[in-house]
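Note: hydrogens, waters and symmetry copies are ignored here, and every other heavy atom, side chains too, is used.
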Amino acid sequence: MRWTCRAAAMAIGVLAFPSSASPQVRVGKDAAEALRYEALSFAPPVPEVKEVAGVPVLFLADHTVPLVTVFARFQGGYGLFDRGFYGAATALPSLMRYGGTDSLPPVGVDEALEFYAIQTTFGGGGESVFSSMNALREHLEVSLGLWIDMLRFPRFDSAEVEIWRGRQLESVRRRGDDPQRLAFTEFNRLLYGDHPVGWEMGEGDLAPEDLTPDRIREIHGRIVCPGNLTLGVTGDVSWRVLEPLLESLLGGWTPCRGTLPPSPIPDIRREPGVFLIPRELEQSVIVMAHPTGIRLGSGDEYFSSQIGNSILGSGGFSSRILSRVRTEEGYAYSASSLWTTPRKYDGIVGAVTRTRPENTVPALQLILDIMFDMTESPPKREEVATTVDQIVNGFVFNFETPAQIVSRRMFYLAQGLPEDWLERYLEGIESVTPESIRDVFQRYLRPEAMTILVVGDPGRIGLEALERLGPVTFLHIDGAVTPR
């Protein structure tokens, strides 16, 4: 894989000189802008794809330091099972780390990790569970063996299960204390309803009978198993040494208990509406969005949406929303657009901000006006060129370490993207034009169709002003709604 990058010289430590000297004498800014550089060719290393005991392994040697990093990614997560498994599947990554193994109690695992200076991570999402291990090369065999035991043979110590449950119950009780968290979780519930994206942990998900070790083992056997596993390895080790070690640790792993359920497709709310969660706050939290049909890797429209979203509001200080909402009007310290592009179902496009209650409606109206502008005329060519250059020139920094390269490749593989996705991504980004951005915004952005959620003080916001955006529905934390 090869591409050119105008800023790659700085990233890889190569000093580039002007390709030609201008006959005209320039100084200061003019001199800097007149500089021209030869394009540099950047070819990041590509992991080898191996297989051990039926498990695909992405391998990339790196002998710069005596460390080895191993990644594990399992297809499957709470989002693929019914709500009755939500608590157990959510607890699974944490309990594999803290719940001990068949041969070691939790404190024994902690002591071994500390003694051998092993770093681990455990986490999960709606459709995956992942973990990593980093250790010194000289301790690789014992470190890898302990980590694999944590994955294959977790104890799910009952005391640790109860500790996890108690923390979750406290988090449930305090959910309303954080206005931003409250806004995001309630907004997801509004848009996605009874779908994993719209789920929020509740006391009903944390009943003791739903978090027994046997129930957690049941979900563990369906997710953390060789048929769902992809491994990635990078570091100071050869494949000749690594392969037999992995074979001994992966051999005999119990097969998955059945196949994974298909990804549930959400029925996303498409009707516009204005919702208000009343809170006496010094800042209102605003979240707005509507569904959009662009998905990850879905052709030219995907790349235009990425550049367009950066210009609209996700690109920081140079974006239109932040420059107008913050710099020109002073309504908010931060404001941003969002455009999600899941691989398997529709995403959403919208915006988020926080502002003083009295500025809630003016800030909302300004953001909607900016969105309307994006649907009516193409952005300036300078805006597009600047955004494309920022992405292209910064792309090299995604490959600063072999660990980044391997983990990124594992993600693309899990998403079912083509092997040459990186080349396609850059080519697609560089092909975006102002007209293609206008076309994609005209087709997919509908400011008048936004679902708008505000968490704030009704008296200071002004209900009559808010109702100019549509009928206001009061929304309660328990999910009940009360029309005004």
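In terms of heavy-atom proximity, Phe71 sits nearest to Val406 at CD1-CG1, 4.1 Å. When every heavy atom of Leu182 is checked against every heavy atom of Ile277, the shortest pair comes out as CD2-CG2, 4.0 Å. Among all heavy-atom pairs drawn from Pro291 and Arg446, the shortest one is O-NH2, 4.2 Å. Closest approach of Leu151 to Ser131, counting heavy atoms only: CD2-CB, 4.1 Å.
Between the Asp205 side chain and the Gly202 main chain, a donor and an acceptor come within less than 3.5 Å of each other. Between the side chain of Thr234 and the backbone N or O of Leu60, at least one donor-acceptor pair lies under 3.5 Å.
Note that Arg215 lies in the cation-pi zone of Phe85, set by a 6.0 Å cut-off to the ring centre and a 45° limit from the axis.
Inter-residue side-chain proximity for Leu312 and Ile370 is flagged as met; some heavy-atom pair is nearer than 4.5 Å. Met450 has its side chain within reach of His290: a pair of non-hydrogen atoms, C-beta onward, lies under 4.5 Å apart. Using a 4.5 Å heavy-atom threshold, the side chains of Glu282 and Arg460 count as touching.
A distance of 6.5 Å separates CG of Leu206 from CZ of Arg165, quoted to the nearest 0.5 Å. Going from atom CG of Leu58 over to atom CD1 of Ile405 covers 11.5 Å, rounded to the nearest 0.5 Å.
Counted within 6.0 Å of CZ on Arg167, heavy atoms from surrounding residues, nucleotides or ligands total 12 or fewer; the atom is thus considered open. Around CD of Gln404, the count of heavy atoms belonging to other residues, nucleotides or ligands within 6.0 Å exceeds 12. In the displayed structure, Gln119 atom CD is contacted under 6.0 Å by at most 12 heavy atoms of other residues, nucleotides or ligands. Atom CD of Glu114 has 12 or fewer heavy atoms from other residues, nucleotides or ligands within 6.0 Å.
The aromatic rings of Tyr86 and Trp199 stand perpendicular to each other, their planes meeting at an angle above 60°, with 30° marking the opposite boundary. By the 30° and 60° cut-offs, the orientation of the rings of Phe395 relative to Tyr425 is parallel.
Considering Asn359, Thr355, Thr353, Thr360 in turn, Thr360 is the only one that fulfils the side chain to side chain donor-acceptor pair (under 3.5 Å) rule with Ser284.
Among residue pairs with one or both ends in residues 332-353, those qualifying as ring-ring contact (aromatic ring centres under 6.0 Å, His included) are His195-Tyr345, Trp339-Phe441; sequence neighbours excluded.
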Checklist entry - When you look at Glu170 and Arg173, which way does the salt bridge (Lys or Arg N to Asp or Glu O under 4.0 Å) test go after all the steps? => result CA-CA 5 Å; Glu170 181 63 19; Arg173 296 185 187 107; 3.8 Å; yes
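We find that Asp102 and Arg155 are not joined by a salt bridge, their nearest charged nitrogen and carboxylate oxygen being 4.0 Å or further apart. Ion pairing of Arg97 with Asp110 is present here, as a side-chain N (NZ or NE/NH1/NH2) and a carboxylate O approach within less than 4.0 Å.
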